[in-house]
Participant: 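Just passing along the structure, written as structure tokens.
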Amino acid sequence: MPELPEVETIARSLRPALEGRGVVSLEVRHAGAVRGGLDADMLLRSLPGRSLLAVRRRAKLMLLECSGDLILAFHLKMTGRLHLPAPEEAPDKHTHLIFHLDDGTRLFFMDVRKFGYCAAFTEAQLQAFPFYASLGPEPLDTAPEALARRLDGRRGRIKALLLDQTVLAGVGNIYADEALFRAGLRPDAPAQALSAPQKLRLMTQVREVLQEGIDCCGASIRNYVNARGDAGAFQNTFNVYGRAGQPCPRCAAPLVKVTVAGRTSTFCQECQQGGGGGAGGGGMAPG
DNA sequence: CGTGCGGCCTGAATGC
DNA sequence: TGCATTCAGGCCGCAC
């Protein structure tokens, strides 16, 4: 499930292949993959002949900036992929869009579960797109103090806020659980019970875990690979995600699983606290 | 304002 | 072996 580090990794693998290329044609094999902005028919008519100027990432969105004020925004959701196939590679049944480029290469948009989408916008339409317009700050471009302040006055469980893309952008279930472990905070801790140092430590750990994810080229859970098909390595460093029942890497107590904000959350009841207790509580050494 | 749930969608894993 | 159930979860819409 591509979160910020995975989308960033894919962007980096797409850049050398796409930037400066022209789009010759588009094949729409599943019209439902095109949503928002222009519909599939309009995109089919308007895309050919444009150049791909830049590959950008915002939150978990991949943005392909085209000539003539057109931006393709891809959300990969859980199982979406942007894939640069080998010349002989045939599209499978999950390949919904095929972009044919002027050097004879192709870009596949694939998604087994069809949650993901490609939406085409003008710059002004993108800025007005509600999901895009409401996105919070990029964690890696924002000081941890400023990120921590975005939790001030917020109620609700801390993990729900980490996953709320309007609070901060790009964190999903994996990185939320890992950051909470490193910060020594329970996922179900009430945000209003956290001290200022706890909030700051949490946001510092959010930034660290996202940066380490990028440095590892993402986490390969289930099917994630970059556009060239390479797996990431961050999954090898998980402390808690997907490890319910296994020993805590810090204290060896069995990790437990709870549901917070409708998502499975794994944490250590010994090492992760609820927020109220002493300010002295355990800070976690990373990794 | 916040919470919780169903829906979207399919394949892998699990259960009987 | 085979069929049914559960789980995975980003985001939205809705009820409370």
Side-chain angles (χ1 to χ4, degrees), chain A residues 1-8 10 29-37 57-63 73-82 91-97 109-119 126 128-136 138-139 150-180 186-194 206 210 213 218-225 234-235 238 240-246 255-267 275:
Chain A
M1 53 227 62
E3 304 180 27
L4 187 157
E6 288 75 34
V7 180
E8 179 64 29
I10 296 165
R29 309 172 86 233
H30 172 62
V34 181
R35 293 180 221 168
R57 178 194 60 76
R58 170 75 169 110
K60 301 173 194 171
L61 284 175
M62 185 76 69
L63 303 173
F74 295 88
H75 200 313
L76 304 179
K77 296 284 182 91
M78 318 282 292
T79 53
R81 291 184 56 194
L82 285 164
D92 68 9
K93 65 175 179 173
H94 305 302
T95 303
H96 306 318
L97 303 175
F109 173 65
M110 317 166 74
D111 191 352
V112 167
R113 293 168 66 178
K114 298 179 179 156
F115 284 12
Y117 58 80
C118 168
L126 178 64
F129 177 46
F131 175 74
Y132 188 88
S134 68
L135 287 172
E138 284 289 322
R150 295 188 63 80
L151 300 174
D152 291 344
R154 295 297 301 258
R155 305 181 66 82
R157 300 168 205 256
I158 186 59
K159 182 170 174 181
L161 295 178
L162 286 182
L163 295 174
D164 183 338
Q165 301 297 296
T166 73
V167 173
L168 73 169
V171 175
N173 206 35
I174 294 172
Y175 291 90
D177 272 11
E178 294 298 318
L180 286 162
R186 293 173 60 102
D188 55 358
Q192 67 271 26
L194 299 186
V206 165
L210 292 173
S220 286
I221 294 300
R222 282 168 271 283
N223 295 323
Y224 165 77
V225 288
F234 192 63
Q235 69 281 4
F238 285 171
V240 287
Y241 179 84
R243 301 188 66 246
Q246 298 178 45
L255 298 172
V256 300
K257 188 162 70 167
V258 295
T259 297
V260 178
R263 291 168 193 83
T264 298
S265 305
T266 308
F267 73 105

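A note on names: the letters A, B, ... follow the listed sequences, proteins ahead of strands, and every chain is numbered from 1.
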Participant: Give the nucleotide from the list C:dA8, C:dC11, B:dT10 with an atom nearest to the side chain of A:K114.
Facilitator: B:dT10
Participant: Would you sort out whether A:Y132 and A:Q165 count as a side-chain hydrogen bond (donor to acceptor under 3.5 Å, both in side chains), showing the intermediate values?
Facilitator: CA-CA 10 Å; A:Y132 188 88; A:Q165 301 297 296; over 6 Å; no
Participant: Using a cut-off of less than 4.0 Å, is there contact between a side-chain N or O of A:T79 and OP1 or OP2 of B:dG11?
Facilitator: no
Participant: Expressed in angstrom and rounded to an integer, what is the separation of A:L163 atom CG from C:dC12 atom P?
Facilitator: 13 Å
Participant: Name the residue closer to the 5' end of DNA chain B, choosing between A:G262 and A:G153 according to the nucleotide with the nearest heavy atom.
Facilitator: A:G153
Participant: With a non-hydrogen cut-off below 4.0 angstrom, is A:R155 in contact with a base, only sugar-phosphate, or nothing?
Facilitator: sugar-phosphate
Participant: Within the pair A:T264 and C:dG9, is there a side-chain N or O less than 4.0 Å away from OP1 or OP2?
Facilitator: yes
Participant: Classify the nucleic acid contact of A:G156 as base, sugar-phosphate or nothing, counting any heavy atom under 4.0 Å across all strands shown.
Facilitator: sugar-phosphate
Participant: Can you check whether A:Q165 has a side-chain N or O nearer than 4.0 Å to OP1 or OP2 of C:dC11?
Facilitator: yes
Participant: Figure out the NZ/C1' separation between A:K77 and C:dG9, and round it to whole Å.
Facilitator: 10 Å
Participant: When the aromatic ring centroids of A:F74 and A:Y117 are compared, is their separation below 6.0 Å?
Facilitator: no
Participant: Between B:dC5 and C:dT6, how far apart are the P atoms? Round to whole Å, please.
Facilitator: 16 Å
Participant: Test your reading of the model: is there a side-chain donor-acceptor pair from A:R243 to the backbone of A:G245, 3.5 Å cut-off?
Facilitator: no
Participant: Is the ring of A:F131 stacked on the base of C:dC11, with centres less than 5.5 Å apart and planes under 30° off?
Facilitator: no
Participant: Could you state the atom-to-atom distance from OH of A:Y241 to P of C:dC7 in whole Å?
Facilitator: 14 Å
Participant: Which whole-number value in Å describes the distance from A:R263 CZ to C:dC12 C1'?
Facilitator: 11 Å
Participant: Between B:dC9, B:dG4, C:dC11, which nucleotide gets closest to the side-chain atoms of A:R157?
Facilitator: B:dG4
Participant: Does A:R113 get its side chain close enough to the base of C:dA8, under 3.5 Å, for a donor-acceptor pair?
Facilitator: yes
Participant: Rounded to the Å, how far apart are A:D92 CG and B:dG11 C1'?
Facilitator: 13 Å
Participant: If I take atom CG in residue A:D111 and atom P in nucleotide B:dC9, what distance separates them, rounded to the nearest angstrom?
Facilitator: 11 Å
Participant: In whole angstroms, how far is the P atom of B:dC1 from the CG atom of A:L161?
Facilitator: 13 Å
Participant: Once you round it to whole Å, what is the distance between C1' of B:dA12 and NE2 of A:H94?
Facilitator: 12 Å
Participant: For the rings on A:H75 and A:F115, is their centre-to-centre separation under 6.0 Å?
Facilitator: no
Participant: Check the phosphate of C:dG10 against A:H75, side-chain N and O only, distance under 4.0 Å to OP1 or OP2. Yes or no?
Facilitator: no
Participant: Ignoring hydrogens, what is the shortest heavy-atom contact between A:R154 and A:R150? Give both atom names and the distance.
Facilitator: CG-O, 3.5 Å
